[in-house]
Every structure is written in structure tokens, then in C-alpha cells.
Protein chains: 2
Amino acid sequence: MAKRAQVREPRRPPLVPPTKQQAILAAAHRVFVERGYGDTSMDAIANLAGVSKQTVYSHFNGKEALFSAIIKERCAQLLEFIPVEAATAAEPEETLRGLARRYLSLVLAPGNIEYFRVVIAECGRFPELAEAFYRAGPLQATNNLATLLAGMSRNGLLSVPDPEASARLFFGMLRGDLWMRRLLALGAEESNETVDRLVEQVVKTFLLAHCPTRSHIKLDGTRASVD
Amino acid sequence: MAKRAQVREPRRPPLVPPTKQQAILAAAHRVFVERGYGDTSMDAIANLAGVSKQTVYSHFNGKEALFSAIIKERCAQLLEFIPVEAATAAEPEETLRGLARRYLSLVLAPGNIEYFRVVIAECGRFPELAEAFYRAGPLQATNNLATLLAGMSRNGLLSVPDPEASARLFFGMLRGDLWMRRLLALGAEESNETVDRLVEQVVKTFLLAHCPTRSHIKLDGTRASVD
DNA sequence: GTCTATAAAAGGATAGAC
DNA sequence: GTCTATCCTTTTATAGAC
């Protein structure tokens with residue numbers, strides 16, 4: 001552990017001395033995601049940050065620059081939190097289940113839902129932010145899973161002719177109706193049990209479609225009958 | 001048919017005489033979905049509609065009422081256009097393929113993507129509109145497919161223990177990554193071929209998971225190994 | 001850097017004539 | 001119902017003192 005105070009602490013500032021800049025960024029993040037870009041005023045940000053409006057302008061060039069800053073900040077966070085599964089050679093079922101759970105808890109987290117909402121809402125005004133977000137979040141997750149699936153396919157654990165397409169299918173199934181409902185702010189009251197059932201259904205469906213013992217059924221897009 | 005003019009038509013106004021009210025609604029729809037609620041001004045709507053601002057206020061109580069009107073209007077349209085498949089007893093594969101194609105063309109249509117975006121953006125300010133949209137669109141589609149699947153399950157064509165869950169899974173797979181990219185306004189340049197491949201992959205995956213000859217594999221959420 | 005005060009513009013809503 | 005002109009609030013952004 002870190003060493004304790006030697007005699008006695010004279011008087012400490014808050015644990016993480018929040019600079020004005022940090023306070024502004026935090027306040028901006030909250031107001032932007034809660035009320036949207038159009039309805040957020042620089043006054044509201046300054047008030048919540050506990051600084052004057054001019055201080056906000058001395059740190060950021062304007063409303064657009066501030067918005068851009070908070071979006072890119074969260075993009076960097078996403079890059080760290082995207083689930084990366086060790087390319088384990090162990091049982092695919094358990095690996096996918098774990099990955100599914102962590103992915104769902106990530107994309108359904110209220111903070112990330114709000115964040116997604118505002119990026120969608122402003123993708124017309126800030127197309128480069130929408131692209132940055134997609135790369136840092138969904139694309140990153142898809143690529144990670146595709147790599148994992150390709151490894152499993154080489155090991156003969158699964159049959160995955162197109163890892164990226166299969167990865168997109170996996171995450172698409174997981175988000176599904178639940179994610180859309182959250183985007184619309186409709187009933188976040190789903191029980192953990194509901195989420196668990198979804199995970200099981202998705203994992204089972206995915207494994208059935210990529211089971212190596214039934215690899216004679218091609219899922220590469222060409223038409224083929226089921227038996 | 002309606003009876004024709006008896007002698008000759010004297011002089012007709014445009015085929016559908018656009019009333020001021022219709023012009024306002026059309027203009028409001030366009031501006032709201034293009035620029036979002038917060039950045040839409042009543043001036044912009046009045047100008048695009050070719051009327052004065054006061055005329056707008058004489059037809060609608062204010063900005064919120066106008067927004068509410070155009071959202072509900074589109075909800076009513078959705079209710080008519082949601083694909084309803086005749087509860088055919090024919091081959092499930094072809095039925096699902098057709099349904100998938102029409103569902104995708106509906107949810108990926110640029111007008112509907114814009115519409116979805118603005119409903120998501122304003123779900124905090126207009127929660128009742130988000131709910132109305134969900135009922136008229138996604139929920140309606142899910143219920144229709146669930147009914148269809150339940151019928152197929154009764155006929156022994158498929159094994160669908162939980163029709164609603166399976167319907168949500170089907171549409172979730174279809175939307176997937178493609179729909180998210182469209183919501184973010186990223187590259188609507190996917191070829192028809194890409195969409196067709198997705199449809200095939202989804203239909204095949206869905207059928208594999210609900211194949212009656214493998215109904216011993218339960219997909220109701222309880223854990224079960226694959227073979 | 002930080003604050004108070006203010007400029008300059010835009011937007012929602014209304015008044016009153018026709 | 002429709003228009004022109006106007007009110008009043010909010011908002012972005014800046015000036016100038018400390």
C-alpha cells in the first residue's frame with residue numbers, strides 16, 4: 001500500500017485536486033449527454049462546473065470544440081474497456097458466454113447508452129466524431145471477436161468461414177431488442193435473469209450455426225438447404 | 001369508381017391541393033429530422049413551408065406540439081408498412097427470407113433512419129413519443145413474427161418454444177452492425193449483395209437454431225451442451 | 001487565469017391589421 | 001386564416017478589471 005502520513009497530515013486538498021479544466025470537462029459531459037447538444041448552454045456547463053463562463057471560453061474555443069473534446073475523451077476510455085478475450089484454446093461455449101456478458105454490461109450501461117444517444121443525435125453535425133466512436137467501440141469489439149473466432153476456427157473448435165461476419169452477427173444478436181429499448185429510454189427494468197436468458201439463447205444459437213461437426217452446412221451466404 | 005365530371009372539368013387546382021397545414025407538416029418533418037429538435041427554429045419551418053410564422057402558430061400550439069404531430073403522423077404510417085406475413089404453412093425458409101428482405105429495406109430506408117435518430121435524440125424530452133414509436137414499429141414487427149413463428153411451431157415446421165424471444169433474436173441479427181452504422185451515418189454504400197449475404201446468413205442461423213429435427217437442443221435459456 | 005458585465009444575435013411566441 | 005412587425009428571453013461570445 002502507499003505509505004501513510006508520517007506524523008499528521010497538515011491539510012489536504014481533495015484527493016484528486018480537480019483542475020478547472022477537469023471540472024469543465026466533467027460538467028460538459030454530464031450536461032451534453034443529459035440534454036443533448038442543441039439544448040445545452042455554455043451557462044449551464046459553467047454553472048455545473050462552478051466556474052464563470054469566461055473561464056470555459058479560456059479553456060475551449062467554443063461549444064463545438066468542447067463537445068468534440070468530451071466525445072473524444074470517452075472514445076479513448078472505450079478503447080481500454082472493450083472486452084478482449086485471451087485467445088484461449090479452451091471451450092468456446094464458456095469463452096463466448098463470458099464475452100457476451102461483459103459486452104452486454106458495457107453497451108447497456110446507462111452512461112454508455114446516453115453517450116451513444118448523443119453521438120447518434122449529432123452525427124450530422126459531427127460526422128468525424130461518429131466515425132471515431134464507431135472505430136473505438138463497435139469496430140474494435142468486432143475485430144477482437146473476429147480474431148478470437150479465427151483462432152478457434154484454425155484449432156478446429158468451431159467452423160467460422162467468415163470471422164468478421166460472424167462476429168457482427170454475434171454482437172447484433174446480443175444487442176437486439178434490448179439495446180433498442182434502452183436507446184429509446186423504455187423500461188430499463190429488465191431483470192438480470194432476462195439478460196442471462198438472452199445470453200444463453202445467443203450463445204447456443206451461435207454455436208449451432210458454427211458447430212464444426214455440422215460444417216457441411218455453409219453459412220457463407222450461398223444458398224443451401226438445412227439438411 | 002367515383003363518378004367522373006359530367007361535362008368537362010372547369011379548372012383544377014394541383015392534383016393534391018396542398019393545404020397550408022400539410023405544407024407546414026411536411027416542412028416540419030424535413031427540418032426536424034435533418035437538424036434535430038434543438039436546432040430547428042420555427043422560422044426555418046415557416047420559411048420552408050412558404051408561410052409566415054404566425055400561420056404556423058395558428059395551426060399548432062407551439063414547437064413541441066408540432067414535433068409531436070409529425071412523430072405521431074409517421075407512427076401511423078409505420079403501422080401500415082410493417083411487414084405482415086400471411087401465416088403460410090409453406091416452407092419456412094422462403095417465408096423468412098422474404099420477411100427479412102422487407103424488414104431490412106424498411107429499417108434501413110434513409111427516411112426511417114433519420115426518423116429513428118430524432119426519436120432517440122428526444123426520448124428524454126418526449127418519452128411518450130418514444131414509446132408510441134416503439135409500439136407502432138419494432139414491437140408490432142416482433143409481435144407479427146412471433147405469431148407467424150407460433151403457427152409454424154404448431155404445424156411442426158419449426159421448433160419455437162418462445163416465439164417472442166426468437167422473433168427478437170431474428171430482427172436483432174438482421175439489424176446488427178449494419179443498422180448501427182446507418183444510425184451513425186457511416187457509409188450507406190453497402191451493396192445489395194452485402195445485404196443479401198446478411199439475409200442468407202441470418203435465415204440459415206435462425207433455421208439451424210429452430211430446426212424441428214434437432215428440437216432436443218433446447219434454446220429456452222437453460223444451459224444445454226451442443227451435442 | 002478568473003471574474004463581472006455586456007454586446008450582438010437568434011429564437012419562441014404574440015399583437016394587430018387585413 | 002394570413003401576414004408584417006414586435007416583444008422578451010435565452011444564448012454565444014467578448015471586454016475589461018483584478
May I have the distance from [X] (atom [atom1]) to [N] (atom [atom2]), rounded to whole angstrom?
{"X": "A:Leu66", "N": "D:dT12", "atom1": "CG", "atom2": "C1'", "value": "13 Å"}
{"X": "A:Ile45", "N": "D:dT10", "atom1": "CD1", "atom2": "C1'", "value": "15 Å"}
{"X": "A:Asn47", "N": "D:dT10", "atom1": "CG", "atom2": "C1'", "value": "13 Å"}
{"X": "A:Phe60", "N": "D:dT12", "atom1": "CZ", "atom2": "C1'", "value": "17 Å"}
{"X": "B:Arg35", "N": "C:dA10", "atom1": "CZ", "atom2": "P", "value": "12 Å"}

If you look only at pairs with a residue in [range], which of them pass as a salt bridge (Lys or Arg N to Asp or Glu O under 4.0 Å), with sequence neighbours excluded?
{"range": "residues 129-140 of chain B", "answer": "B:Glu131-B:Arg135"}
{"range": "residues 116-128 of chain B", "answer": "A:Asp39-B:Arg125, B:Glu122-B:Arg125"}
{"range": "residues 56-79 of chain A", "answer": "none"}

Can you list the residues that meet the salt bridge (Lys or Arg N to Asp or Glu O under 4.0 Å) rule with A:Glu193, with sequence neighbours excluded?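 Residues passing salt bridge (Lys or Arg N to Asp or Glu O under 4.0 Å) with A:Glu193: A:Arg197.
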What verdict does the side-chain contact (heavy atoms from CB on, under 4.5 Å) test give for A:Met152 and A:His210, after you've listed the backbone C-alpha separation in whole Å, the side-chain angles of each residue and the deciding distance to 0.1 Å? CA-CA 11 Å; A:Met152 287 176 170; A:His210 299 83; over 6 Å; no
Nucleotide-resolved protein contact map, nucleotides 13-18 of chain C, B/S/- at heavy-atom distance under 4.0 Å: BBB---
Under 4.0 Å between a side-chain N or O of A:Thr55 and OP1 or OP2 of C:dG1?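 Indeed not, no polar side-chain atom of A:Thr55 lies that close.
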Among C:dG11, D:dT12, C:dC3, which is the nearest nucleotide to the side chain of B:Ser41?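 Of C:dG11, D:dT12, C:dC3, C:dG11 is nearest to the side chain of B:Ser41.
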Under the side chain to side chain contact (heavy atoms under 4.5 Å, CB included) test, residues paired with B:Ala28 that sit two or more places apart: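 B:Ala28: side chain to side chain contact (heavy atoms under 4.5 Å, CB included) contacts with B:Phe32, B:Ile45, B:Leu66, B:Ile70.
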